[in-house]
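What follows is a short report on a single structure.
So you know, we letter chains A, B, ... as the sequences are listed, proteins then strands, and number each from 1.
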Amino acid sequence: MQGQNQQQAYDRGITIFSPDGRLYQVEYAREAVKRGTASIGIRTDGGVVLAVDKRIRSPLMERTSVEKIHKADDHIGIASAGHVADARQLIDFARRNAQVNRLRYGEPIGVETLTKDVTDHIQQYTQVGGARPFGVALIIGGIENGEPRLYETDPSGTPYEWKALAVGADRGDIEDYLEANYEEAADLEGGIELALRALAEVNDGELRPESIGMATIPTETETFTEVEDDEIDSYLAEFDLLAAEEDKESDESAE
Amino acid sequence: MQGQNQQQAYDRGITIFSPDGRLYQVEYAREAVKRGTASIGIRTDGGVVLAVDKRIRSPLMERTSVEKIHKADDHIGIASAGHVADARQLIDFARRNAQVNRLRYGEPIGVETLTKDVTDHIQQYTQVGGARPFGVALIIGGIENGEPRLYETDPSGTPYEWKALAVGADRGDIEDYLEANYEEAADLEGGIELALRALAEVNDGELRPESIGMATIPTETETFTEVEDDEIDSYLAEFDLLAAEEDKESDESAE
Amino acid sequence: MQGQNQQQAYDRGITIFSPDGRLYQVEYAREAVKRGTASIGIRTDGGVVLAVDKRIRSPLMERTSVEKIHKADDHIGIASAGHVADARQLIDFARRNAQVNRLRYGEPIGVETLTKDVTDHIQQYTQVGGARPFGVALIIGGIENGEPRLYETDPSGTPYEWKALAVGADRGDIEDYLEANYEEAADLEGGIELALRALAEVNDGELRPESIGMATIPTETETFTEVEDDEIDSYLAEFDLLAAEEDKESDESAE
Amino acid sequence: MQGQNQQQAYDRGITIFSPDGRLYQVEYAREAVKRGTASIGIRTDGGVVLAVDKRIRSPLMERTSVEKIHKADDHIGIASAGHVADARQLIDFARRNAQVNRLRYGEPIGVETLTKDVTDHIQQYTQVGGARPFGVALIIGGIENGEPRLYETDPSGTPYEWKALAVGADRGDIEDYLEANYEEAADLEGGIELALRALAEVNDGELRPESIGMATIPTETETFTEVEDDEIDSYLAEFDLLAAEEDKESDESAE
Amino acid sequence: MQGQNQQQAYDRGITIFSPDGRLYQVEYAREAVKRGTASIGIRTDGGVVLAVDKRIRSPLMERTSVEKIHKADDHIGIASAGHVADARQLIDFARRNAQVNRLRYGEPIGVETLTKDVTDHIQQYTQVGGARPFGVALIIGGIENGEPRLYETDPSGTPYEWKALAVGADRGDIEDYLEANYEEAADLEGGIELALRALAEVNDGELRPESIGMATIPTETETFTEVEDDEIDSYLAEFDLLAAEEDKESDESAE
Amino acid sequence: MQGQNQQQAYDRGITIFSPDGRLYQVEYAREAVKRGTASIGIRTDGGVVLAVDKRIRSPLMERTSVEKIHKADDHIGIASAGHVADARQLIDFARRNAQVNRLRYGEPIGVETLTKDVTDHIQQYTQVGGARPFGVALIIGGIENGEPRLYETDPSGTPYEWKALAVGADRGDIEDYLEANYEEAADLEGGIELALRALAEVNDGELRPESIGMATIPTETETFTEVEDDEIDSYLAEFDLLAAEEDKESDESAE
Amino acid sequence: MQGQNQQQAYDRGITIFSPDGRLYQVEYAREAVKRGTASIGIRTDGGVVLAVDKRIRSPLMERTSVEKIHKADDHIGIASAGHVADARQLIDFARRNAQVNRLRYGEPIGVETLTKDVTDHIQQYTQVGGARPFGVALIIGGIENGEPRLYETDPSGTPYEWKALAVGADRGDIEDYLEANYEEAADLEGGIELALRALAEVNDGELRPESIGMATIPTETETFTEVEDDEIDSYLAEFDLLAAEEDKESDESAE
């Protein structure tokens, strides 16, 4: 009880440290990320793969409106997990920065530069009072100088570079799978397979195409490309991950 | 008790997350939406149908002043549910944005663009301190590039696209009815019938024309059109949903 | 007790919703309206009638200084109930808007437009922090395009249009009387009679001219006109509502 | 106890209403007015009389520095009761407005206009946060279009017009006396007599000239005129209200 | 206990009244004045005398740095009691105003005008939030139109004019002495004697020259003049108030 | 308990001192520094050595993205410990200041000047409200006028100059080792050896190259130089500090 | 207990007085001064001596970086005690003011003028909200018009002039020693001896040169001059105050 009361005393204002040097509001924002369905990023020699779990709460909702993968620039895509409205703010911020870079320097923004612009923006919301932190994590992937790059932004405003990662629900289980199965030298299809198998790992081993979103930024084309539904369907069939039709009903109620 | 006390600690400021990553003030704003009578949006091949339950608290109040359907632009209509004064602010915001778009680009604003302008505006009120969230949900429907589009904005500032949806009181029951009976390929009258039957479903199977508001944005004309009272009366008669006169008295007391 | 404590937790800041989606400060501002004596508005074919109960606390106070009916523009009058100083702010706001409209567009402001300007102003005080809501309700009546119009603004910033209404103390009882006796097709004198009889209904059936304020905006003249004391006296006599002199003493102590 | 606790919850911030629609901080500011000694205003056909009780706390203090009657313009005087430093702010505000009116329009400001300028200023301090209300009431009297006018401003920012009134300590008793003895058609000396007799009523029936302040604005001259000490002495003698010398000592200790 | 708790509830914010209409923070600032050693002002026909008790806490501290008498302009002096750093702010404010008056109008500022400039400044700190009141009282004395004038400013921002007064510790006892012994028609030396005797009254009847500060503004010269230490020594000897040397030690420890 | 409660009363706002003159929020920010892995700085005649413990939480995370050593200018490097996102803000601040110095004065910024720019910036966040202190300590090293210089910034905003120091976890143990083994006259390789041995001291005597980051600013070249992984590997082998491969697994889980 | 609770109620905001007229936050800032090691200032006919106790926490820390004596201008030095980062802010403020004075008036700033600029700055942080007071005391010494001057600034913003003083830890004991042994007519070396003997008095009668900082501003040269380590060593030997080597170890741990 004592411990609990003490914690409560430090976790309500973003502008204070707890006696053990923690920022509780930032940690709670990380919980908001975990409340969102999972998003995955894979970096292979062939390019970057972004894959997201986009379960929708009703068959009447348009799947495309559950936006978890966004094009930030021709050569950069962003997948998000967590508080959706917060994600939109950061995506808009990233797009504006990418655009300004093209206008000002006549060249595409670097993936790392864009990531750090975003994390600097996020950090401000953890130090200066009058606003809450962003309850969202982003996976920012793209091609920079011919090389695929893959970054994460977390609610504290720290940038990390990854070979492969997951954010959102079941992050731990998915990352265990990725660590065990990741191969950097894979081609893009290898990355797609890894992403789908990792997602299936936390979905009873099978997936329905309509609850998957996917995009790639191939090293060759350097161009953000959404993977169409029928392609996803083909991949799932190919990898033997396609859910039987009768499972559909029960899943729809969850979000 | 313990749990209740803890909740109370995090739900009074919009700028803080609870330990489980929730924003209580946004969730309470959703309750404000539920306190409003229902509004329905239906998208058919023939266009968008907006229908609202506009019970009035006195026979001396002008029905037209219970504004739940608004014209945002020639080709876009908005239905609202929840805190009426808040809705007016967002409608005004949407109208100004639509107008500015025409002035600046010489063309009508896209339904999706308008929706996202509104949700970005809403999100700000959930992150930056000094104000409360908007206690209202909007259904934004219109024609974009010859296609009917139908969106929802919620108090967190998240945009969703729908084939058919309800906001406000009895949302759950109405959506169940819509899911069971929706047909996308329907013509506009089919959409009108679905909207009225869904409303009747939560009104003991019958409706009085004076407590219904309705508007359409037909795909053909691309023009927001209010459905007149006598037309509503005809539709109700045609669909056998017309309330008997003797029921009137008792309903009037409710709001 | 538990319920009471919980309520107290949400009712002290205007910028927060209660768990059931209510804005307590707005509801308390409505209580401030009820603390004021009643004001009535009647719309007839012949024009708009505004009538107010203006009991004064001392025979030495000038009756004219208890201002509950205000001329907003040549063609628009406003009756108020509730916190007097707040009412003055809104009246001034309305007058300035009416004046600006004449200057900018060279024509009188519409009654509905004026009402919505006022309610938008009121709503801001319910959402943005640092100030309290306005503790006043207004009845705004006038002629627009040759038609009498009658509106209400409440402390939440919602506009309503009415055929006849009351705000302030005894609103419920007066509206019951109005609903039972209202006839839209009445001429202006019919409206005056209805207003006075409704006021008498909550004053033991009789009224003293000096505690009544009244103004009309006739459809024909489109001009705000105060009803003089002797005219009120004549009306009361005509409708057999004139209080006997001996009743005066006791009423004066109440406010 | 319950009631008391509840009250305490709403009376510490000026920007909130209590559940019964009251503004406690404004009501407490009214208590600050009652802590000040009484000020009286009388309107007669012959002009306006202002009279104040200005007991001083030491014989070494200059009586003239206990300023309770102020000249606002040639034709307007103001008497105050309550928090002295607050009164000075409002008097300065009134003087500046009177001056600006002369400069801008080339004519003296109206008594009613000046009063409403002041009350609008007061109201702002009761609605917008970051400051407390003014703890003072003013009696504003003067000649407007050849007619004597007499107004009151209270801490809520409401203007009242009076024939005769008192503010500050013993307001109730003095007003009872005024109501019983007021005659509008009196000449200026009649007003002076009434004011002094009313003050004496709450001072054991006798007054000392040095604790009285008095000014008139005669209808004829339209000019604010302080009544000199020896004149007051003569009036008190004439009306048989002059305190015996031996009473002096004991009164001096009170304030 | 109940009473004490209630008081605590209203005394922590300067922007609120207590239920009995008091401003506790202003009253506590008056306590800060009482914590300072006494300052005295005497007005005689011959001019104004300012005298202060300036005990220092160590023989190594320069007596001149314990500044309690300040020259505000050639013809005006100010003595202070209370929070020293606050006093410096007000003195600087007064000096700037005096200087500006000379520049703008080419003549020395009036003593009353300067006092009211200062009290208006003080009042702002008692009404608008975000700062505390000034914990200091000033005695402002000088010659205006050939007449000696003597004023007090208190922490509420109220100006008083005096014939003779004390502020700070032992105010009550010193004022009793002044009231009993004051003679307005005295010459300047008579004022000096009264001031020193009043100070001695609360110092066991004797004074040491090094703990006295004194200045005069003679009516004849209209010039602020510090009284030198040897002059003070002579006066004390003349009036038989000079402390014996052996008393020095014990007094030095007090402040 | 009493003591604990009292502490809690002063540690939640950065703008207040505790009764014993401490700033708890600054002390808690120091705890945030201790939560970070260690960083070491060594100054030798041959130049400055920066070495950091950069354990990563997953083999899929890019080691380079765990940025604990930063180039601030050609001749200055910075190592950090503590809250990563905060460190990025200060590094950016330092880089901008270094750049501005070159532009404005045409010469490289001094190491001491840069350090004090940073600490002044940090101090502001400990005195002015509305933000929390920076939860990070920096080691700033470089060459100034041909001399190696080494500084520390702490969360209070105090600059210190060191011969050798550690910040972050195990600071005490590492500094004990440094004090016992430091030799100022060492060459750069001597500094590298000392740094690695000190790090090994708190890592069971052995290190893995991939969890070490290192950079030097040699006195001769005056140029910030990252030490490549294979060089680190060689050094570890040379100093017999290389961890056996089987230890890898277990360490990876810690952060 | 009651007393303690009451104190706690007033000591957390700098903008409020306690019921007995104290500013607790300023008093706590004085405690922050006492937490710093002692600084001493001595004024002699030969000039000003500043001496500080600068114990360092590690032999690896550069002694010069423990800055307690600062040159403010050619003719003015400042010694500080208390919160180091706060001291740096005030020193920078003083230096800027000294520089501006030279630029604007073409002459060196007066010591008193500079002191009062600093104390005015400090006072603002004790009256206006949103920041905490400065937790530091300064000794400002220099030559003005050929005369040595010595001032103190405390956290309340009060300036004092001294012949000799100490701030920081053991202030009381050191001042006792100074009072007993001070001779104003001493030459500069006499001042140095007094300062060192006073410091030794609270250090078991002996001092180590490396933990002493010293500077002089001789009346003759009017130039701030740091006393070199070997000179301090000579002085300590001359005055028989030199600590034996074996004492070093134990002292180093303290700060």
For the candidates Met61(B), Glu31(B), His83(B), which exhibits the highest count of non-hydrogen atom pairs separated by less than 4.5 Å from chain C? Met61(B)
Do you know which of Glu184(C), Glu179(C), Arg43(C) has the most heavy-atom pairs with chain B at a distance under 4.5 angstrom? Glu179(C)
Looking at Asp120(C) and Arg88(B), does any basic side-chain N land under 4.0 Å from a carboxylate oxygen? yes
With a 4.5 angstrom heavy-atom cut-off, could you sort out which part of Asp86(B) is near chain C: side chain, backbone, both or neither? both
Does Glu226(B) pair with Lys71(B) as a salt bridge, N-O distance under 4.0 Å? no
Relative to chain C, which segment of Glu67(B) carries a heavy atom at a distance below 4.5 Å: side chain, backbone, both, or neither? side chain
Within a reach of under 6.0 Å around CD of Gln99(B), are more than 12 heavy atoms found that belong to other residues, nucleotides or ligands? no
Pick one of side chain, backbone, both or neither for Leu178(C), based on which atoms fall under 4.5 Å of a heavy atom in chain B. both
Regarding Lys68(B) and Thr37(B), is there a side-chain donor-to-acceptor distance under 3.5 Å anywhere? yes
Step through the shown structure and confirm whether more than 12 heavy atoms of other residues, nucleotides or ligands are within 6.0 Å of CG on Asp230(B). yes
